[in-house]
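See structure below.
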Amino acid sequence: MPLSWNEIKDRTLKFSKDWDKESSERSEAKTFWDEFFNIFGLSRRRVATFEVKVKKLDGRDGYIDLLWKGILLVEHKSRGKSLDRAYGQATDYFPGIKDRDLPRYILVSDFAHFRLYDLEEGAQHEFPLKELYQNVRLFGFIAGYQTTSYQEQDPVNIQAAERMGRLHDKLKEIGYEGHRLELYLVRLLFCLFAEDTSIFERRQFQDLIEQSTSEDGRDLAQWLENLFQVLNAPQDKRLKKLDEQLVAFPYVNGNLFAELLPIAAFDTGMRQLLLDCCALDWSRISPAIFGSLFQSVMDAKLRRNLGAHYTTEKNILKLIQPLFLDELHAEFERVKTNRKRLEEFHQRLAKLQFLDPACGCGNFLVIAYRELRLLELEVLRALDRGTASLDVAQFQILCDVDQFFGIEIEEFPAQIAQTALWLMDHQMNLRVSEEFGKYFVRLPLQKSATIVHGNALRTDWRPIVKPEALSYILGNPPFGGKQYQSDEQKADMAATFADVPSAGLLDFVTAWYRKAADYMVGNPAIKAAFVSTNSITQGEQVGVLWPDLFKRGVKIHFAHRTFQWSSEAQGKAAVHCVIIGFALHEAEEKRIFDYQTPQAEPHEVKARNINPYLVDAAQVVLANRRSSIAEAPPISFGSMPNDGGYLLLSSKEKAALLAQEPKAAQWIRKILGSEELINAKVRSCLWLADISPDELREMPVLLKKIEAVRRYRLASMRPNTRELAAIPTLFGEIRQPKNQYLAIPKTSSERRAYIPIAFLQPDIIANTELFTIEGAGFYHFGILSSAMHMAWVRSVCGRLESRYRYSAGIVYNNFPWPQTATEKQKQAIEDAVQMVLDARAQFPDASLADLYDPLTMPAALTKAHRKLDTTVDAAYAKRKFTGDSNRVAFLFELYQQITSPLESRKAPRRKRAKISA
């Protein structure tokens, strides 16, 4: 075991005193370095070699003064000699060193001075011998106390996964696959972490492979099998005549090495791959990050985009901080000066239990455990305050991995999750050792997390962890929109929501909300939070999911509104998500984390209430209505061809048709959908509503198109479409306005501050990707183009990926129009609309996409819209609105005022009691 820092410092002071006068490199250097390593309780002979011969770049032989492969290169000079020259000499040796043996550190010395270079961090430290004791912690990597600050973008994460992936493929090629391959790789993963994090001695695993196995790899599998058995056996249960290198490994336990696996097989290349894995510094790899990366090695398709599948720690903290960390830290601040209350708080930390019912590789559990241990470390510091010396033996480290529970449908990630928690436990034990100066390790492993391999939606959670003992449910369940769900997932959804009509509309993630709500009935004090698709807080899903959850007592405690959830790797997979924290009891304080854009940083606001649309407003669920709640003109879909494409014409098809049938010109109309309206794209259609039979018969090319429409409809599986074959000249559904109309794109980019809408003449056909409002005037245009309406859209509309998906039933028909606008205010809105249209007209060649792009929007148009926003706000209320949240809260209040009388009119009247004469 590593020495305590107090012991190391005592040895450092003695070393400095003993070597204060030495100056001759040649006579005493080896003794100097032997005793230097002894400061840390490490035998130099065990790890490092003097006078290592290498070929330099110029082809000549060089001799490294001291080399600890992969860790440290020492170049020593006589007192007073140049340390710069010594460093240059050290780097000259690099071409002759194998890549996997290249050191992270270079240490140069002339007895009187030390200079340490950290080549990974690009750091340099220099100090005299007499100050060695003040800088001795720089050599924690020798003592076994090295702690790591993980970086999500550290390329070693990707390198490690890629190398393990190649080893996985080689083993699979020889027929070593399935469960045995997965467990074998998990064991190798543990060994690789162990030798870089002081569970094993440094390079102990690598040395075993290099020194005891043949280069052709033929005996490597047998040595690994022997090692796995040794790691599973206490010292007193091991065979007496075991190889010395095997005996030196510690007893691990934890059942990780208990199962007897078939012996694998290795060749030269596979042995080299394993040594390449050993060469990486596994102490730099976060168990939370690497869990998902490691899982992806099992799938060649996922491996092509390594890094796109792990969850960043930053995003995990967005969930666990408001769920429990912030509250626990606040409580710690209140009790830290009261020893009795602090000890009670410490005991409470050790009783908290956490469940991730879709835990994958354990990312959320690992980070939650790390943060819990860091808070416990704060507690230990506070308990220690005022004592004479820091010694971890004075305290009980109470928090452990058995406080964590998970359910995972795949076996391999479940194994990784359990292992990752052990690895994080060891990392945190090193932090404690670093803090208190005495080595602390939990070996053999006595406790483990409970990670159940099973389908969380078909599994009863209560036997895994009793509700009365559980504190928090958390995680990132699979999202799965209805069109992406497998048959098995659809069956899971049907079973979970058996009593909920229209549950087939819901995303897969919603099933975990329902399961959690049902489970929490056994202990209403439990708090939960899930990462979810933002679609469960928008559009039609709200009306299906949230009334059911509210009926079960769910209260939303905090929410992150839509933000981009992605990894930091190149080729990253970005998804737009929300985080929702909830419980079956009310929260004293509710919090909303809002984002100016999905890529921006959140800003927190306190809320009185959080409704299903994740805004501070009344607890409203919008109905899918057939008509507007206000006195607004009716909205309609555009017309649907249902023609197999034969009535639609591209520019080339139009020109070709007219070349053959010039008479067809009067029957060709411009047709627009969202894409064409916004981007000024030209598309045409045949609009034959009023054509006579004799006119049509005079155009045989046109007749062929009509015949093609008829055949297409007759071939349909849908009876309604087959009926339309009787009238092949017409669109399948015709809803074309007969007068000027307002066109609203069904889909538009979330980057725009306003949805671009436009007035169109009745001879321009609107397809089903446009909504039409016939008879709309400047006033209606103004309201629908305002910041007020856009705030409503952003809060309640559905999304296609992240784009706005406008709707009639949810967005338009539920939108609260101004109730008290005066004629003067309406005229001001119309005047402001004229300014908007005039600003657009200044750029006749620009598309609506150009005009409303946030980067290219003309200043005149921006100014006109700001004026329009101000006039629309004034028509709603005298108060000034500070932003979207403020506007939406107001609109939900107005919605309730408008709809309350409507709903009461729908309520059945009670029969009057008859009065006797």
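Computed over heavy atoms, backbone and side chain alike; hydrogens, waters and symmetry mates excluded.
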Between Leu192 and Trp282, is a side-chain contact (heavy atoms from CB on, under 4.5 Å) present by the stated rule, with each step listed?
CA-CA 7 Å; Leu192 290 164; Trp282 289 75; 3.4 Å; yes
Give the table of side-chain donor-acceptor pairs shorter than 3.5 Å for residues 614-621, with sequence neighbours excluded, one pair per line with atom names and distance.
residue: Asp616; atom: OD1; partner: Arg608; partner atom: N; Å: 3.3
residue: Asp616; atom: OD1; partner: Asn609; partner atom: N; Å: 3.2
residue: Asp616; atom: OD2; partner: Arg608; partner atom: N; Å: 3.3
residue: Gln619; atom: OE1; partner: Asn609; partner atom: ND2; Å: 3.1

Enter the distance from [X]:[atom1] to [Y]:[atom2] here, rounded to the nearest 0.5 Å.
| X | Y | atom1 | atom2 | answer |
| --- | --- | --- | --- | --- |
| Leu189 | Ile416 | CG | CD1 | 7.0 Å |
| Leu13 | Ile8 | CG | CD1 | 12.5 Å |
| Ile199 | Cys191 | CD1 | SG | 9.5 Å |
| Ile71 | Tyr105 | CD1 | OH | 8.0 Å |
| Leu470 | Leu355 | CG | CG | 5.5 Å |
| Arg431 | Met428 | CZ | CE | 5.0 Å |

For [Y], does its backbone N or O pair with a side-chain atom of [X] as donor and acceptor, under 3.5 Å?
| X | Y | result |
| --- | --- | --- |
| His560 | Leu319 | no |
| Lys336 | Leu383 | no |
| Asn38 | Gly41 | no |
| Asn338 | Arg341 | yes |
| Ser471 | Gln353 | yes |
| Arg552 | Arg514 | no |
| Asp400 | Asp402 | no |
| Asn886 | Thr882 | yes |
| Gln347 | Glu344 | no |

Does Lys606 NZ have over 12 foreign heavy atoms under 6.0 Å away?
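Atom NZ in Lys606 is packed in, count exceeds 12.
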Count the heavy atoms belonging to other residues, nucleotides or ligands that lie under 6.0 Å from CZ of Arg381, then report whether that count exceeds 12.
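Counting neighbours around CZ of Arg381, more than 12 heavy atoms of other residues, nucleotides or ligands fall under 6.0 Å, so yes.
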Please tabulate, for side-chain N and O atoms in residues 125-136, each donor-acceptor pair with protein atoms closer than 3.5 Å (sequence neighbours left out).
residue: Glu126; atom: OE1; partner: Arg115; partner atom: NE; Å: 3.1
residue: Glu126; atom: OE1; partner: Arg115; partner atom: NH2; Å: 3.3
residue: Asn135; atom: ND2; partner: Glu131; partner atom: O; Å: 2.9

Only counting residues at least two apart or in another chain, list the ones meeting side chain to side chain donor-acceptor pair (under 3.5 Å) with Glu331.
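Only Arg348 meet the side chain to side chain donor-acceptor pair (under 3.5 Å) criterion with Glu331.
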Residues forming a side chain to side chain donor-acceptor pair (under 3.5 Å) with Gln599, sequence neighbours excluded:
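Applying side chain to side chain donor-acceptor pair (under 3.5 Å) to Gln599 gives Gln564.
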Residue pair [X] / [Y]: nearest heavy atoms and the distance that separates them:
| X | Y | value |
| --- | --- | --- |
| Thr562 | His576 | CG2-CB, 4.0 Å |
| Leu349 | Gln403 | O-NE2, 2.9 Å |
| Leu421 | Ala449 | CD1-CB, 3.4 Å |
| Glu408 | Gly360 | OE1-N, 2.8 Å |
| Leu231 | Tyr251 | O-CD1, 3.5 Å |
| Pro478 | Ala358 | CD-CB, 4.1 Å |

Would you say [X] and [Y] make side-chain contact, with heavy atoms under 4.5 Å?
| X | Y | result |
| --- | --- | --- |
| Ile473 | Met520 | yes |
| Ser795 | Arg561 | yes |
| Cys359 | Phe364 | no |
| Val605 | Ser885 | no |
| Asp281 | Glu120 | no |
| Leu256 | Trp422 | yes |
| Tyr519 | Ile526 | yes |
| Leu474 | Ile320 | yes |

Atom pairs and distances, donor-acceptor, side-chain atoms in residues 321-329, under 3.5 Å, two or more places apart:
residue: Asp326; atom: OD2; partner: Arg591; partner atom: NH1; Å: 3.1
residue: Asp326; atom: OD2; partner: Arg591; partner atom: NH2; Å: 2.9
residue: Glu327; atom: OE1; partner: Lys527; partner atom: NZ; Å: 2.8

Dump the intermediate steps for side-chain contact (heavy atoms from CB on, under 4.5 Å) on Phe479 and Val531, then the final yes or no.
CA-CA 9 Å; Phe479 294 164; Val531 182; 4.0 Å; yes
Tell me if the aromatic rings of Trp512 and Phe530 count as close, with their centers under 6.0 Å from one another.
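Judged by ring-centre distance (under 6.0 Å), Trp512 and Phe530 do not meet the cut-off.
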Can you confirm if the aromatic rings of Phe563 and Phe593 lie within a centre distance of less than 6.0 Å?
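That pair fails the under 6.0 Å test.
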Please report the C-alpha distance between Phe257 and Val252 in whole Å, then the side-chain angles of each, then the deciding distance to 0.1 Å, and finally whether the side-chain contact (heavy atoms from CB on, under 4.5 Å) criterion is met.
CA-CA 8 Å; Phe257 299 97; Val252 172; 4.0 Å; yes
With the threshold set at 4.0 Å, does a side-chain nitrogen-carboxylate oxygen contact exist between Lys447 and Asp425?
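Here Lys447 does not pair with Asp425 in a salt bridge, since their nearest N and O are not under 4.0 Å apart.
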Angle between ring planes, Phe141 versus Phe139, binned at 30° and 60°: parallel, tilted or perpendicular?
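Because their plane-to-plane angle lies in the 30° to 60° range, the rings of Phe141 and Phe139 count as tilted.
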Using 30° and 60° as the class limits, which term best fits the ring planes of Phe550 and Trp546: parallel, tilted or perpendicular?
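It falls in the tilted class, 30° to 60°.
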Set of residues satisfying ring-ring contact (aromatic ring centres under 6.0 Å, His included) with respect to Phe404, sequence neighbours excluded
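Listed in chain order: Phe354, Tyr369.
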If you apply the rule side-chain contact (heavy atoms from CB on, under 4.5 Å), what do you find for His346 with Glu376, and how did you get there?
CA-CA 7 Å; His346 190 194; Glu376 183 181 37; 2.8 Å; yes
Check the pair Phe37 / Phe15 against ring-ring contact (aromatic ring centres under 6.0 Å, His included), numbers first and verdict last.
CA-CA 10 Å; Phe37 274 86; Phe15 175 85; over 10 Å; no
Quick one: do Phe558 and Phe582 satisfy ring-ring contact (aromatic ring centres under 6.0 Å, His included)? Show the steps, please.
CA-CA 7 Å; Phe558 71 88; Phe582 60 98; 9.2 Å; no
